[in-house]
Chemist: 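Right, I'll just put the structure down here and ask away after.
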Amino acid sequence: TQLLEQSPQFLSIQEGENLTVYCNSSSVFSSLQWYRQEPGEGPVLLVTVVTGGEVKKLKRLTFQFGDARKDSSLHITAAQPGDTGLYLCAGEFWGGYNKLIFGAGTRLAVHP
Amino acid sequence: ETGVTQTPRHLVMGMTNKKSLKCEQHLGHNAMYWYKQSAKKPLELMFVYNFKEQTENNSVPSRFSPECPNSSHLFLHLHTLQPEDSALYLCASSLIGSAGGNTIYFGEGSWLTVV
């Protein structure tokens, strides 16, 4: 069974703090996506990473794909209340053609 | 606006009712999906369609019946559901075979409550 472990499950921080969310698996990903979901809405794509060691930046968000393509991290610098939401990682595994496996998500709350 | 539209956004149905969820994508994608999202559980893949052909049925009970008449439309027919089927049902689509990974795009979801 291919599992994607995401940590932490919950994160409650003050505005201006930095944070990192992790996504790990024992299997190799062919690609990995990060999504953000607000209450009552569908997940919205933030980024797709494909190459081992790849780093992508989206304003204050930095996404890193592990060299071995088994893990990924999302780092937010100077978090703002607007960053509040559920962050989901989703991996496409070798041989798992067009079947994404989702992590359980990290629920982030940023307080003013 | 993600290019994937789901209707209705909210649905309340009795256990003996028959209803359908509808999804339409305007992205020119060739694969469509149904996911279920319950409280405290990861997103669960239910069905996958590639070029209108069902390629995945993730052990979903027969009271959920998908239909994909063409690569732009996807339905989920519901009948004799149970209260534990109450959840957010998410439709998604993707372009299989494109470079850069299989990125899927979600609709806003249909909130289903079974009473």
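Predicted model only: the values in this text are computed from it and were never measured. The basis for the numbers below is simple: all heavy atoms, side chains too, and nothing from hydrogens, waters or symmetry mates.
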Chemist: Mind checking what makes side-chain contact (heavy atoms from CB on, under 4.5 Å) contact with B:E84, not counting sequence neighbours?
Modeler: B:Q82
Chemist: Linking I/L/V/M/F/W/Y whenever any side-chain heavy atoms sit under 4.5 Å apart, do B:V48 and B:L27 land together?
Modeler: yes
Chemist: Tell me the residues of residues 74-90 of chain A whose non-hydrogen atoms fall below 4.5 Å from those of chain B, in number order.
Modeler: A:L86, A:L88
Chemist: Which atoms of A:Q37 come close to chain B, meaning under 4.5 Å heavy atom to heavy atom: side chain ones, backbone ones, both, or neither?
Modeler: side chain
Chemist: Same cluster or not: B:F64 versus B:L11, using hydrophobic residues (I, L, V, M, F, W, Y) connected whenever any side-chain heavy atoms lie under 4.5 Å apart?
Modeler: yes
Chemist: Determine whether B:M13 and B:V60 fall in the same hydrophobic cluster, where Ile, Leu, Val, Met, Phe, Trp and Tyr are linked whenever their side-chain heavy atoms lie under 4.5 Å apart.
Modeler: yes
Chemist: Does a sphere of radius 6.0 Å around CD in A:E17 hold more than 12 heavy atoms from other residues, nucleotides or ligands, not counting ones at 6.0 Å or beyond?
Modeler: yes
Chemist: Do A:P43 and B:L43 touch side chain to side chain, with heavy atoms closer than 4.5 Å?
Modeler: yes
Chemist: Under 4.5 Å, heavy atom to heavy atom: which of residues 103-112 of chain A reach chain B? Give them by number, or say none.
Modeler: A:G103, A:A104
Chemist: For chain B, which residues from residues 56-66 of chain A have at least one heavy atom closer than 4.5 Å to it?
Modeler: none
Chemist: Output the distance between atom OH (B:Y35) and atom CZ (A:F102), rounded to the nearest 0.5 Å.
Modeler: 4.5 Å
Chemist: Under a single-linkage definition using a 4.5 Å side-chain heavy-atom cutoff for Ile, Leu, Val, Met, Phe, Trp and Tyr, are A:Y22 and A:V47 assigned to the same hydrophobic cluster?
Modeler: no
Chemist: On a heavy-atom basis, which atom in A:Y35 and which in B:I104 lie closest, and how many Å separate them?
Modeler: OH-O, 2.8 Å
Chemist: I'd like to know if B:L45 and A:L45 are part of one continuous hydrophobic network [Ile/Leu/Val/Met/Phe/Trp/Tyr, side-chain heavy atoms within less than 4.5 Å].
Modeler: yes
Chemist: What part of B:L88 gets within 4.5 angstrom of chain A, counting heavy atoms only: side chain, backbone, both, or neither?
Modeler: side chain
Chemist: Is it the backbone or the side chain of B:E44 that comes under 4.5 Å from a heavy atom of chain A, or both, or neither?
Modeler: neither
